[in-house]
Amino acid sequence: MVMLDMLVLLSGQTIATLLGRLYYNSGGNSKWMATLTVSGGSPLLAILLLLTPPHSAGAGTQPPASKMVPIYVGLGILIGLDNLMYSYALQYLPVSTFALVAATQLGFNAITSRLINKQRFTALIANSVVVLTFSATLLGVGSSSDGTSSNLPHGKYTLGFILTLCASAVFALILSLLEVTFEKVVRTRTFRWVLRVQLYTNIVASMVSVCGLFASGEWRTIPGEMAAFKDGRARYVATLVGTAVSWQAMSVATLRLITRVSSLFANVTGTVALPLVPVFAVVLFGDKMSGIKAVAMLMAVWGFLSYVYQHYLDGRRAAMTKEADAECRVCAARAGGEAVLHA
């Protein structure tokens, strides 16, 4: 099941990022509409929730609504604002650069996991944080040399870079808060609760997006945007629907990995998509893969491998501890048996 969740996360994240860029490349321009697609597919989760069997009697007591409602509202607002920052960033950055800078969320998650989830901060994790930070900085400094910002107004590339960093930090915070919510408040890790938390937080995030869409006046431009969209209205709708479904699949898989393993592991898995998105972006959108961007990608992969090796060491250490505990129990049982025979 963990492997299945990892596959769904990687597929959903890659497809959603590429479709988000396709929306802008084909004539879409509404940041609030793009933001809405990230959480707007949440009604699909209601169907899954209805088809999921209710909690069994041994599943434990459910947390009161007085605790869960503020959590849903708070996390939903954070998710809505985070989605908005990602939408702006994806418009101002080539998708390959966006994917590489967004990898810094792994470093931010190391910090939030340490402060909120009491995750151990080892030398390998510190190495990953430093490498990912240098990778993102290299992209920002070298933006003028790869031609990716030549078609943007002055300062837009830098703004997109900063927004991606901020969105990555907020996303890391959200993951850690979701983990602590399941550990301290929900206290159960069933698929039904995963759907419930995902559904209600995304409904709040969608409300934030809808309010922004109407308050900004962008809703008036939607009919014209749809008519001017490349290859017509049908492709416009299909692009938005595909993006919304992909984001929901990715989000549910992420939350399942958080409940099954940890927020750090879920973020590590999402980073595996790092080499995938730029490659597809070069093929589909003609993004330039400059030498600086290639070096940044290799540095980001290096940072990811540091995390993977740290998880390998942790798993090996846990297995050895478990084996030692088992041997101690066997020795204690034998000693007890010998004492009875002597008596």
With sequence neighbours excluded, what pairs up with [X] under the side chain to side chain contact (heavy atoms under 4.5 Å, CB included) test?
{"X": "Ser251", "result": "Gln198"}
{"X": "Val8", "result": "Leu4, Ala249, Ala253"}
{"X": "Ile77", "result": "Val73, Leu81, Val204, Val208"}
{"X": "Leu159", "result": "Tyr92, Leu163"}

With sequence neighbours left out, what residues match [X] under ring-ring contact (aromatic ring centres under 6.0 Å, His included)?
{"X": "Phe171", "answer": "none"}
{"X": "Tyr200", "answer": "Tyr72"}
{"X": "Tyr236", "answer": "Phe229"}

Check for me, please, whether [X] and [Y] land in the same ILVMFWY cluster - side-chain distances under 4.5 Å, paths through other members count.
{"X": "Leu45", "Y": "Trp247", "answer": "yes"}
{"X": "Leu7", "Y": "Val2", "answer": "no"}
{"X": "Val197", "Y": "Leu50", "answer": "no"}
{"X": "Phe108", "Y": "Ile79", "answer": "no"}

- Item | side-chain contact (heavy atoms from CB on, under 4.5 Å) between Lys184 and Glu179, intermediate numbers included | CA-CA 9 Å; Lys184 304 297 184 181; Glu179 182 178 352; over 6 Å; no
- Task: Scan for ring pair (Phe, Tyr, Trp, His ring centres under 6.0 Å) pairs involving residues 204-227, sequence neighbours excluded, and state none if there are none.
- Result: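 For residues 204-227, and leaving out neighbouring residues, the ring pair (Phe, Tyr, Trp, His ring centres under 6.0 Å) pairs sorted by first residue read Phe214-Trp219.
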- Quick one: which residue pairs count as a ring pair (Phe, Tyr, Trp, His ring centres under 6.0 Å) with a foot in residues 11-54, not counting sequence neighbours?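 Counting only pairs at least two positions apart or across chains, no ring pair (Phe, Tyr, Trp, His ring centres under 6.0 Å) contact touches residues 11-54.
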- What pairs of residues pass the salt bridge (charged side-chain N to carboxylate O under 4.0 Å, His left out) test when at least one of them lies in residues 250-264, not counting sequence neighbours?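 Matches after skipping sequence neighbours: Asp5-Arg256, Asp5-Arg260.
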- Which pairs pass salt bridge (charged side-chain N to carboxylate O under 4.0 Å, His left out) with one or both residues in residues 233-243, sequence neighbours excluded?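 Checked against salt bridge (charged side-chain N to carboxylate O under 4.0 Å, His left out) - neighbours excluded - the pairs reaching residues 233-243 are Asp231-Arg235.
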- Sequence neighbours left out, what passes side-chain hydrogen bond (donor to acceptor under 3.5 Å, both in side chains) with Asn202? Give chain and number order.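 For Asn202, the residues satisfying side-chain hydrogen bond (donor to acceptor under 3.5 Å, both in side chains) (neighbours in sequence not counted) are Gln248.
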- Any donor and acceptor pair, going by atom type alone, linking the side chain of Glu225 with main-chain N or O of Ser30 inside 3.5 Å?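 Yes, the answer is positive, given that a donor and an acceptor are paired below the 3.5 Å cut-off.
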- Query: Side chains of Ser209 and Thr35: is there a donor and an acceptor less than 3.5 Å apart?
  - Reply: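 There is no such pair between these side chains.
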- Indicate whether the side chain of Thr112 and that of Ser176 have a donor and an acceptor atom separated by less than 3.5 Å.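 Yes, side-chain donor-acceptor contact under 3.5 Å.
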- Message: I'd like to check Thr221 versus Asn29 (side-chain heavy atoms, cut-off strictly below 4.5 Å). Are they in contact?
- Response: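 No - every pair of side-chain heavy atoms lies 4.5 Å or more apart.
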- Query: At what distance, to the nearest 0.5 angstrom, does OG of Ser262 lie from CG of Asn267?
  - Reply: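 Rounded to the nearest 0.5 Å, the OG-CG separation comes out at 9.5 Å.
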